[in-house]
Amino acid sequence: MSLCCTFGQNETQTMGTPFSSQASCCDQSPDPCETIPSRWFHYWQEWKSSILSLLALLLAAIGEALYPYELLNLSVWLPLYLLAYGLVGWSVLKKAGELMLKGEVFTEFFLMAIATLGAFAIGEYPEAVTVMLFYTVGEILQHQAVSKAKGNIQALLDLRPSRARVIREGQAEWVQPETVAVGEILEIQAGESVPLDGILQQGTGSFNTAAITGESVPRRIGAGEEVLAGMVNLQQLLKIQVSRSFQESSLSKIIRTVQEATAKKAKTEQFIRKFAKVYTPIVTYLALALVLLPYAFVDPYVFSDWLYRALVFLVISCPCALVISIPLGYFGGIGAASRKGILFKGSNYLDQITRVTTVIFDKTGTLTKGVFSVQEEKAVARAHPDWKILALSLESKSNHPIAAALVQYLGKSPHPVSELREHAGQGLSGTVQNQAVLVGNRILLERMQVQNVPATSVADKTLVHVAVEGNYCGYFALADELKPDAHEAFRDLHSLGISETGILSGDRQEIVQALGKELGASQARGDLLPEEKSAWLENEKKQPGRVVAFVGDGINDAPALAVADIGIAMGGLGSDLAIETANVVIQTDRPSRVALAIRIGKTTKNIVWQNIGMAFGVKFLVLALGAAGLAGMWEAVFADVGVALLAILNAIRITKMYT
């Protein structure tokens, strides 16, 4: 199921379009591959009722002006007015009846039905038809605006090819991506989109990753590296071994994330929906009071005049502008963020990120590239002769960036390992060739009571110590490279007024402290275990007025991501657990996108509150004028349909601001 269809189903009752029961937004959006005649037919199908209603209304109004005859106090043109009304009003009356049978009486359909039928009862035929006609035209335009906004997101995300070229029994054949098994080989020609995640088999390829990361800069990927579904091969024929099934591919996860995001509503959305359920019956009873109460206070009391004022009051009171534009505003924010490679897992997080006062970063893989290289090695005089190969054997069982660097540096075949144990944030222990081996930081070796571990520190380098059978052997010194936009990330956060920024890392305090000083972080703490990171964040959250965001990428960061008010994961290189735990995923692996996520959240919130203010302001003004008899049906139509359209245009503005 596509993204916009899912959203359309979620919002059917809220949006209140009389056409929503016929088809979802996707079903009504014209196919770009349609021929011109079929597209015109589609438009005719959508607009024919309104066009025919307008013609019938004009014919009746002109006829009544030229030949104003009446039979039994009814205009002879009444059948034409009824035809014009029925063409656009039947779907509204039907929907109102269906909802009333379900116990949902006070809806916008009920308000429109009572207002227009009442206008017929007092002989205001043209105005009754005009109100329903304008309402219907407004709903069509709103529907098209919503469909366009969702269609843009759908076009951005749903780039999965409908078929894949798989090699079977030495022959290439086209199949559905859902039928391809993990381990099969795919051929991807130049210009084709990758249908499934996989490992590049040979050579080097250049890929457009815009669908995954929002970045248009081509990315070079070498043999043995991962290629993700949705990337576009820019050069020669390539072969990829499938590593994940269709449903588990990265692009499928992105689409599911944004689909599910529409179900997690912001507090503002939840409030408006609850408000509308209370607001609608209140204005209905006020309209009834507007008809009946003046009988006791006004002389002479003219029933038709006060009924007309009440009907105007009902038309004005429809909460369309609020219940349509506010969800659309948040959806526009989610879509704008996804275009920049930022995935919010719900509009509630889009709302919450605007209140962030403190942003804390992990170091390795978040602020740095996480690509370590061994700069030096040093052994003690009585080191075990095979200490390096024993260390390699343990590290070959880990997927940590430091382990990968050591494996690449030593370049030998590892020995079998037994009793392997990972010490979170500290290192590994295990048995290799019947010898107890420790590989990790100084804290791990001292905790395991290894003697003579040097207190040596090397500026800007990470030391990995090795011990065999309890005897210290030596260390490797590794260095990591800072990401190009790390400085920009902190500058942008400070420009947004977020003065509290920090770094939490399991790396040595000296390294973390130096990095924090270089980036301008207000605090930097090293030598932390995963549970110590979580405890630090818990304590930080207890500070009055603090809303804490944590940015991380590894398995060890998952607890901290869960504890933070807003967990932000680096999705390009980050672990699956970190991505699943986080509330926001940065697909580009760029820390500077954290500030952009906050900026998009603030823009979205501003637009939503602009719509709330505009809708309430105009409605209350025209409601007061209508109750005083100074506003008629035309003003009522503007207060309802006109304000709704203005609010929608304002809501979809955000999709243009971050393209």
Side-chain angles (χ1 to χ4, degrees), residues 7 10-11 14-15 145-146 149-150 152-153 257-258 260-276 319-359 492-500 545-549 551 564-568 582-586 592-619 643-644 646-659:
F7 185 86
N10 290 340
E11 300 299 331
T14 302
M15 291 168 60
V146 171
K150 295 168 189 172
N152 289 340
I153 307 304
T257 297
V258 182
E260 292 164 1
T262 62
K264 299 175 183 176
K265 305 302 178 186
K267 289 183 179 179
T268 311
E269 288 182 86
Q270 295 169 357
F271 166 76
I272 288 298
R273 287 192 180 135
K274 291 176 183 177
F275 173 83
C320 306
L322 295 173
V323 297
I324 294 172
S325 65
I326 291 171
L328 184 60
Y330 281 109
F331 188 82
I334 291 172
S338 68
R339 289 168 184 263
K340 296 296 183 181
I342 305 167
L343 301 182
F344 283 90
K345 293 185 178 179
S347 56
N348 51 333
Y349 303 123
L350 191 69
D351 211 27
Q352 192 173 6
I353 203 171
T354 63
R355 299 192 291 273
V356 166
T357 61
T358 305
V359 179
D492 289 351
L493 288 172
H494 293 155
S495 70
L496 287 172
I498 298 175
S499 57
E500 290 294 321
R546 283 283 169 86
V547 178
V548 181
V551 190
D565 294 305
I566 288 284
I568 304 174
N583 311 122
V584 183
V585 180
I586 308 291
S592 61
R593 290 297 163 107
V594 174
L596 180 60
I598 295 173
R599 193 173 292 114
I600 290 175
K602 289 187 174 183
T603 301
T604 302
K605 193 171 185 177
N606 288 340
I607 286 176
V608 165
W609 281 105
Q610 286 169 13
N611 285 343
I612 291 173
M614 177 174 62
F616 276 126
V618 173
K619 280 186 180 292
V643 171
L646 289 175
I648 285 173
L649 291 174
N650 191 37
I652 63 176
R653 184 166 57 92
I654 190 172
T655 62
K656 305 293 184 184
M657 296 173 66
Y658 293 97
T659 53

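Just so you know, these numbers come straight off a predicted model, no measurement behind them.
- Atom CG of Leu649 sits about 9.5 Å away from atom CG of Asn611, to the nearest 0.5 Å.
- Smallest separation of non-hydrogen atoms from Tyr330 and Leu350: O-CD2, 3.7 Å.
- When all heavy atoms are compared, the tightest approach of Ser495 to Arg599 is OG-NH2, 4.3 Å.
- Residues Lys605 and Asp351 form a side-chain contact, since some pair of their non-hydrogen atoms from C-beta on lies under 4.5 Å apart.
- For Asp492, there are no side chain to side chain donor-acceptor pair (under 3.5 Å) partners at least two apart in sequence or on another chain.
- Separating the CD1 atom in Ile600 from the CD1 atom in Ile334 is a distance of 11.0 Å, to the nearest 0.5 Å.
- With sequence neighbours left out, the side chain to side chain donor-acceptor pair (under 3.5 Å) criterion links Ser592 to Asp485.
- For Ala549, the side-chain contact (heavy atoms from CB on, under 4.5 Å) partners two or more places apart in sequence, or in a different chain, are Val356, Val359, Ile566, Ile568.
- Listed by chain and number, the residues in a side chain to side chain donor-acceptor pair (under 3.5 Å) with Arg653 are Gln610, Asn650 (sequence neighbours excluded).
- Here the closest heavy-atom approach between residue Glu500 and residue Thr357 is recorded as CB-O, 3.7 Å.
- A donor-acceptor pair under 3.5 Å links the side-chain atoms of Arg593 to the main chain of Lys340, judged by distance alone.
- Residues that satisfy the side-chain contact (heavy atoms from CB on, under 4.5 Å) test with Thr603, not counting sequence neighbours, are Ile607, Ile654, Met657, Tyr658.
- Side-chain contact between Ile498 and Ile598 is present, with heavy atoms from C-beta onward closer than 4.5 Å.
- Two residues are said to be in side-chain contact when any heavy atoms from C-beta on lie closer than 4.5 Å; Asn348 and Asn583 fail this criterion.
- Remark: the backbone N or O of Leu343 is not paired with any side-chain donor or acceptor of Ser338 at under 3.5 angstrom.
- The two residues Gly567 and Ala582 make their nearest non-hydrogen contact at O-CB, 3.4 Å.
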